[in-house]
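Written out below as structure tokens is the structure these notes cover.
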Amino acid sequence: MTARILVLPGDGVGPEICREATRVLEALQRDHGLDVELEEDLVGGAAYEATGEPLPAETLEKARGADAVLFGAVGGAQWDELPRELRPESGLLQLRSELGLFANLRPAMLYPQLAHASTLRHEVVAGLDLMIVRELTGGIYFGQPRSTRTDTHGRRQAVNTMLYTEGEIERIARVGFDIARRRNKRLCSVDKANVLEVSQLWRDVVNEVGQEYPDVELSHMYVDNAAMQLVRAPKQFDTIVTGNLFGDILSDIAAMLTGSIGMLPSAALDEAGRGMYEPVHGSAPDIAGQGVVNPLATILSVAMMLRHSLHRQDLAERVEHAVGDALDRGLRTRDIMDDEKQVASTGEMGGAVIDMLQ
Ligand code: IPM
Ligand code: MG
């Protein structure tokens with residue numbers, strides 16, 4: 001059956017990286033029997049400019065009907081003064097929430113070819129391979145009440161609510177355990193149970209679910225310590241499971257361990273494994289439109305799509321190997337550049353991966 005893929009390029013560098021990822025999908029379709037149908041639509045600031053909304057109803061409908069969504073990036077300074085619900089980021093958060101994409105997988109893997117690109121010493125990061133499982137549709141990002149208001153003296157205050165139900169914790173814990181089981185069977189749950197009730201519940205429920213996974217070694221860590229351990233000795237981690245806000249922060253740290261956030265893909269999955277795939281790096285308005293952005297995070301997101309939504313493990317591996325081969329050939333975009341290598345444009349990097357697919 002033909003799988004339907006919706007491509008949402010969005011803003012900033014989004015269109016450039018999605019163009020390369022789309023070329024990869026088309027090459028797989030042409031030469032490797034991938035049965036897909038691609039469609040494109042608007043999201044984020046681009047959608048706001050065209051329709052007045054960062055997530056038009058038409059885009060949401062198409063996303064609901066798709067087997068997988070490839071998402072570029074959203075956001076830019078020109079939209080930062082808009083009311084929150086009209087900002088590009090709201091389009092992304094609404095998509096995650098409306099599609100029930102509660103499980104966010106953010107792998108951080110160091111390609112041996114890029115060991116020099118990390119700001120950490122080589123021996124600290126060499127061979128790094130960790131997976132962050134971030135809860136994506138709950139916690140303080142979505143908790144009610146939330147508001148900005150004034151007190152009786154006219155002084156401003158603002159409130160957000162970090163709320164998790166046991167059902168939400170249980171289902172993300174299961175994803176964490178299942179993934180750890182397929183990796184090195186070690187799961188570290190990150191919380192702030194020494195201070196927050198919501199984290200104590202998190203810890204209790206993760207322990208309960210853990211009873212069903214005696215083969216997975218479970219540990220717990222406070223988030224402040226986890227941030228420190230990630231830069232001190234990142235290879236102690238195999239799989240991390242954590243809430244929405246902590247996962248947002250820790251995944252940026254993990255990204256930088258690999259040298260460039262320009263290399264990191266992600267998947268956001270619902271209960272049925274349907275998903276949205278996006279690079280972790282965001283819209284990078286400062287380099288947009290120059291043909292210099294690294295397309296590999298988005299191309300690796302296509303690999304995750306092939307694995308998790310299209311059930312083509314074989315093609316996922318083919319894409320991942322092609323990325324390694326393109327790096328072996330010495331091609332580097334600016335973000336992962338070192339002296340002896342050849343500077344590649346976005347299109348040259350994408351083209352090299354496509355050549356290596358053969
Ligand atoms: C991410 C981003 C988003 C988030 C923003 C753009 C809303 O930082 O995907 O990590 O905070 O989740
Ligand atoms: Mg983030």
Side-chain angles (χ1 to χ4, degrees), residues 8-14 17-18 42-48 53-55 59-60 63 69-108 130-143 146 160-164 168 172 190 223 226-227 230 240-258 260-270 275-288 293 297-298 300-301 304-305:
L8 299 175
D11 310 320
V13 297
I17 54 181
C18 282
L42 295 169
V43 76
Y48 172 78
E53 288 171 320
L55 180 63
T59 300
L60 179 58
V69 178
L70 180 68
F71 189 94
V74 290
Q78 65 269 50
W79 301 296
D80 282 350
E81 304 304 322
L82 287 172
R84 184 161 301 283
E85 68 282 5
L86 295 180
R87 286 190 208 170
E89 290 80 359
S90 297
L92 172 59
L93 294 174
Q94 237 177 297
L95 259 179
R96 289 174 178 169
S97 175
E98 291 286 337
L99 299 180
L101 305 172
F102 72 98
N104 189 201
L105 314 188
R106 298 190 163 191
L130 74 87
M131 174 69 91
I132 296 184
V133 179
R134 168 189 176 193
E135 200 291 326
L136 202 58
T137 54
I140 198 164
Y141 273 56
F142 294 96
R146 61 182 298 163
N160 290 94
T161 303
M162 192 186 286
L163 182 142
Y164 271 116
E168 287 173 317
I172 194 69
V190 172
V223 62
L230 270 173
I240 290 176
V241 64
T242 190
N244 206 343
L245 180 63
F246 299 159
D248 179 46
I249 298 166
L250 295 181
S251 61
D252 266 30
I253 300 182
M256 206 51 221
L257 301 174
T258 69
S260 172
I261 200 167
M263 294 296 298
L264 291 202
S266 77
L269 305 176
D270 73 2
M276 182 159 88
Y277 299 83
E278 61 174 303
V280 171
H281 54 65
S283 59
D286 53 318
I287 58 164
V293 62
T298 316
L300 290 168
S301 299
M304 290 190 88
M305 176 191 290

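Note that the structure is a prediction, hence the values are computed from the model and not measured. Both counts, for ligands and for their atoms, begin at 1 and track the order of listing.
A donor-acceptor distance shorter than 3.5 angstrom exists from the side chain of Asp11 to the backbone of Gly45, with no hydrogens or angles considered. Between the Arg87 side chain and the Leu82 main chain, a donor and an acceptor come within less than 3.5 Å of each other. With hydrogens and angles disregarded, a donor-acceptor distance shorter than 3.5 Å links the side chain of Ser301 to the backbone of Ala297. Looking only at distances, a side-chain donor or acceptor of Thr59 sits under 3.5 Å from a matching main-chain atom of Leu42. Remark: side-chain polar atoms of Ser97 are not paired, donor with acceptor, to backbone N or O of Thr137 under 3.5 angstrom.
Protein heavy atoms come within 4.0 Å of atom 1 (C) of ligand 1.
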Inset, instruction - Could you check Arg146 against Arg84 for side-chain contact (heavy atoms from CB on, under 4.5 Å), going step by step and ending with a plain yes or no? - result: CA-CA 12 Å; Arg146 61 182 298 163; Arg84 184 161 301 283; 3.8 Å; yes
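Note: Phe71 CZ to Leu101 CG = 11.0 Å, rounded to the nearest 0.5 Å.
With hydrogens left out, the protein atom closest to atom 10 (O) of ligand 1 is Asp248 OD1, 2.9 Å, a heavy atom. Annotation: atom 4 (C) of ligand 1 to nearest protein heavy atom, Tyr141 OH, 3.5 Å.
At least one N, O or S atom of Asp248, from either the backbone or the side chain, sits less than 2.8 Å from the Mg ion (ligand 2).
A heavy-atom separation below 4.0 Å is not found between Glu278 and ligand 1.
When non-hydrogen atoms are compared, ligand 1 lies under 4.0 Å from neither the backbone nor the side chain of Arg87. Here Arg134 has side-chain heavy atoms under 4.0 Å from ligand 1, and that is the only part of it that gets that close.
For Glu89, no nitrogen or oxygen atom sits less than 3.5 Å from a nitrogen or oxygen atom of ligand 1, counting backbone and side chain alike.
Residue-ligand proximity, Arg106 to ligand 1, at heavy-atom distances under 4.0 Å covers atoms 1 (C), 9 (O), 10 (O).
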